[in-house]
Asker: 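This is the structure, below, for whatever I ask next.
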Amino acid sequence: MKNRLIKAISLGLLLSAYSINIQAQSVDNTQKMEWFKKAKLGIFIHWGIYSVNGISESWSFFNNYINYDNYMKQLNGFSASQYHPEQWTRLIKESGAQYAVITTKHHDGVSLWNSKADKAITVPGNTPAKKDVLSPFISDLKKSGLKTGLYFSLPDWSHPYYDVNTRTKKRYELKNDPKRWENFINYYQTQLRELSSSYRPDLLWFDGDWEHTSDEWKAPQTLNLLKEYNPNIIINSRLNSHGDYDTPEQGIPVTAPHNPYWELCYTMNDSWGYQPYDNNYKTSNMIIRTLADVISMGGNLLLDIGPKSDGTIPEKQVEILKNLGRWTLKNKDAIYETEQGIPFENYRGKSALSASKKSLFLYLEEAKSFTRIYGLDSRPVSAKIIGDERAVVKVDYDADKTATLYFPEAKFDKDVTVVELTFDTPPIFLKNSKQKAQLTDILERKNSQLASYEIADQLHLGNNLLNNTGLTGDGLDMTIKKTARTNSETLQWISKHAEALFETGKGLPGGYYSGMSALSKDRQTLYLFVEGTPNGPIALKGIKNSIARIRIVGEGTLISHSVYNKLYWSETPGIVYIDVPEDRLDKNMTVIAVLLDKPLELYKGKVGAIESNL
């Protein structure tokens, strides 16, 4: 009994000490991560010899798209002859980014700086550039006040001490030649020591950790090495579980990752490095909306550029960064230092809260007459559209704790309009406690837009007000009960869109579509309710299905769509963009029918690193 008591006390002390230690780590982590969480936007730079031929960085020889010797001949064409790092920095600042991450060395093992590590291949020593191209850029970043991030590949597929050479070739087995592996550990840690001592980075962005275990990489030892130079160094998630934040790649998360710190690394087209024939660029509108999406989930966007081998940045990428800068400058109060937004059940769109929680920002992706917030247990003090001082925003706050915001005179942004609501104290958001609506009351509303919205919203929640009311599948010969006050325009809207309202059910969960939706009885047709006039194509995330066709409900027009960031080797779905012709929009609410190849399947998995690129 005594022994048990001693063991229990000992265990209690250990758990207490563990808890205190975890709390201390949490405090320290919160302090060092403060700038990162506030930053919201960073620029990723993939620059290396792969830009000479404009082919995939490192992977092209790893996968035998080109043999290793021919890949490495690109060393002879890397001139950096038009490289002006101060211009890079100026453009990055203009975009609104708060930090930059540059590839100091990709998997091909070519270092941008003058590394003295054993058998290192470097730009200064092995290319016509004949100079360290990393140092002047880092120096300029620091002068500008931007935070400095260094990308570093753990694998080095060129180095004789590394075991992996290509997808099908290995130099040796670690267990058979541990000394050789030890030499490689010394090599890569020497390079990290060089980078740390010379540049004192704020952030280290590792890649390629999947090729070996934490023990094999000696990851804890590496982390301690980095902390010698910067105790507050921030590490991404790719040092075998030793990182501070998650790095979903290419696929926009459907919902916010569990880690409070995360960053979506994202290309403008389909390539990281410069590839002259990859013209599949997202529009500035798509990228700005992606940034708003990421902000609403409390994360950062790390947007990639790929300079040419002479050091110039492709014109299309410059254009996107400048357009991004227009929006970030206008809406800076609603970007930096914000927190994750409110639940989708409270607002059918993207949102964020200020650090004080006294401001709520709504990101509108369309020009529309009104929007709604449900379960708002606090009356707003004021409401405005950021960047439009003359705009009038009228707020109607009812007994159901629903705030309806009207925009009678607003100049909507061409990409994303931001509405700011302010409160005396941080508002409380309740679960949607709105009473079940009555169809008769809705049909008697004078405002047919509000009536259509209410029908769609109730349907989205799984409450189909038109079941057993006399609605027909084609909208003809309806026997819906009418009164003297029934709004005929609302009835016409119902008749026109009967397909989307007849025996349909609950729509998509939050995160998949920034609006209301419904599903057909067989779950094979997805109906999207489109408010107002969209500023660009409407977007769907996380749909695993293939799409058979898309059309406008009630008038038959077939419309096109495109899919971005669907990586053929990954199960992660791409983002579907649907172009809705402005001249076919319904003045009350447009409904889009998305016919799927089979009953709806949603993706909920974690979006992670690229570990294969065959």
Side-chain angles (χ1 to χ4, degrees), residues 29 32-33 36 42-48 57-59 62 99-113 115 117 120 134 138 147-159 162-164 181 184-250 257 259 261-266 272-273 300 302 304 606-613:
N29 201 50
K32 81 170 187 177
M33 296 300 292
F36 179 84
I43 300 299
F44 213 175
I45 304 164
H46 275 69
W47 196 35
E57 59 288 337
S58 309
W59 294 98
F62 183 82
Y99 64 108
V101 179
I102 185 170
T103 51
T104 65
K105 184 190 74 169
H106 206 268
H107 310 324
D108 60 14
V110 180
S111 305
L112 296 186
W113 79 103
S115 177
L134 183 61
I138 300 301
K147 294 292 186 179
T148 302
L150 303 181
Y151 168 106
F152 183 85
S153 169
L154 289 163
D156 188 325
W157 295 332
S158 288
H159 205 278
Y162 194 65
D163 61 330
V164 177
W181 180 249
F184 177 75
I185 297 298
N186 182 63
Y187 161 77
Y188 99 74
Q189 290 185 345
T190 296
Q191 288 202 314
L192 285 175
R193 197 174 290 278
E194 289 176 342
L195 292 170
S196 298
S197 60
S198 297
Y199 308 120
R200 307 281 169 163
D202 302 292
L203 183 152
L204 219 303
W205 213 102
F206 285 108
D207 200 10
D209 63 345
W210 58 82
E211 289 201 335
H212 291 285
T213 67
S214 175
D215 286 343
E216 287 169 345
W217 289 123
K218 296 193 184 301
Q221 185 185 94
T222 297
L223 191 56
N224 289 333
L225 181 158
L226 297 172
K227 287 181 177 179
E228 289 177 24
Y229 296 92
N230 180 2
N232 293 316
I233 188 74
I234 293 174
I235 307 294
N236 72 334
S237 59
R238 304 186 187 188
L239 187 61
N240 292 89
S241 304
H242 293 281
D244 299 300
Y245 68 94
D246 286 348
T247 54
E249 183 167 339
Q250 295 289 45
N259 192 327
Y261 309 109
W262 64 276
E263 166 195 80
L264 169 65
C265 48
Y266 204 60
W272 295 104
N300 291 3
L302 185 64
D304 182 69
K606 182 179 178 181
V607 182
I610 289 178
E611 299 183 12
S612 173
N613 196 18

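Small disclaimer: the values here were computed from a predicted structure and weren't measured.
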Asker: Go through the structure and list residues passing side-chain contact (heavy atoms from CB on, under 4.5 Å) with Asn186, not counting sequence neighbours.
Answerer: Thr190

Asker: Is the backbone N or O of Trp113 less than 3.5 Å from a side-chain atom of Ser111, with the two atoms forming a donor-acceptor pair by type?
Answerer: no

Asker: Once rounded to the nearest 0.5 Å, what's the spacing between atom CG of Leu226 and atom CG of Asn232?
Answerer: 13.0 Å

Asker: Can you sort out the partners of His242 under ring-ring contact (aromatic ring centres under 6.0 Å, His included), two or more places apart, ordered by chain and number?
Answerer: none

Asker: Got a second to check how far Leu192's CG is from Lys105's NZ, nearest 0.5 Å?
Answerer: 8.0 Å

Asker: Could you give me the CA-CA distance, side-chain angles and deciding distance for Glu249 and Trp272, then say whether side-chain contact (heavy atoms from CB on, under 4.5 Å) is met?
Answerer: CA-CA 11 Å; Glu249 183 167 339; Trp272 295 104; 3.5 Å; yes

Asker: Test side-chain contact (heavy atoms from CB on, under 4.5 Å) on Asp108 and Glu57; report intermediate values, then the result.
Answerer: CA-CA 8 Å; Asp108 60 14; Glu57 59 288 337; 5.8 Å; no

Asker: Show your working on side-chain contact (heavy atoms from CB on, under 4.5 Å) between Ile102 and Leu150 and close with a plain yes or no.
Answerer: CA-CA 5 Å; Ile102 185 170; Leu150 303 181; 4.2 Å; yes

Asker: Regarding His46 and Thr103, is there a side-chain donor-to-acceptor distance under 3.5 Å anywhere?
Answerer: no

Asker: About how many Å separate OG of Ser196 and CD1 of Ile233, when rounded to the nearest 0.5 Å?
Answerer: 6.5 Å

Asker: Give a yes or no on whether the backbone of Phe206 and the side-chain of Asn236 come within a donor-acceptor separation of less than 3.5 Å.
Answerer: yes

Asker: To the nearest 0.5 Å, tell me how far Ser58 OG sits from Asp156 CG.
Answerer: 9.0 Å

Asker: Show the nearest heavy-atom pair for residues Pro155 and Gly208, with the distance to one decimal.
Answerer: CG-O, 3.4 Å

Asker: Under the 3.5 angstrom rule, does the side chain of Trp217 hit a backbone N or O of Asp209 as a donor-acceptor pair?
Answerer: yes

Asker: Hey, does the side chain of Ser198 reach the backbone of Leu195 with a donor-acceptor pair shorter than 3.5 angstrom?
Answerer: no

Asker: Please examine the side chains of Leu154 and Leu239, heavy atoms only from C-beta on, and report whether any two atoms are closer than 4.5 Å.
Answerer: yes

Asker: Applying side-chain contact (heavy atoms from CB on, under 4.5 Å), run through Arg193 and Leu225 and close with a yes or a no.
Answerer: CA-CA 7 Å; Arg193 197 174 290 278; Leu225 181 158; 3.4 Å; yes

Asker: Which pair of heavy atoms, one from Glu263 and one from Pro248, lies closest together, and at what distance?
Answerer: O-CD, 3.2 Å

Asker: Verify whether one side chain among Tyr261 and Asp244 offers a donor that lies under 3.5 Å from an acceptor in the other.
Answerer: no

Asker: In plain terms, say whether Arg238 and Asp207 are close enough for a salt bridge, that is, a side-chain N and a carboxylate O under 4.0 Å apart.
Answerer: yes

Asker: With under 30° as parallel and over 60° as perpendicular, where do the rings of Phe62 and Trp157 fit, or are they tilted in between?
Answerer: parallel

Asker: Do side-chain atoms of Glu216 reach the backbone of Thr213 as a donor and acceptor pair under 3.5 angstrom?
Answerer: yes

Asker: Give, for atom OH of Tyr199 and atom OG1 of Thr104, the distance between the pair rounded to the nearest 0.5 Å.
Answerer: 9.0 Å

Asker: Assign the ring pair Tyr151 / His107 to parallel, tilted or perpendicular, where the plane angle (0 to 90°) is split at 30° and 60°.
Answerer: tilted

Asker: Under the 3.5 angstrom rule, does the side chain of Asn240 hit a backbone N or O of His212 as a donor-acceptor pair?
Answerer: yes

Asker: Within the distance-only criterion (no hydrogens, no angle test), does the side chain of Asn230 pair as donor or acceptor with the backbone N or O of Pro201 below 3.5 angstrom?
Answerer: yes

Asker: What pairs with Phe36 under ring-ring contact (aromatic ring centres under 6.0 Å, His included), at least two apart in sequence or on another chain?
Answerer: Tyr99, Tyr245

Asker: Quick one: CG on Leu302 to CG on Asn300, what's the gap to the nearest 0.5 Å?
Answerer: 8.5 Å

Asker: Among Tyr187, Trp181, Tyr188, whose ring-ring contact (aromatic ring centres under 6.0 Å, His included) with Tyr162 holds?
Answerer: Trp181

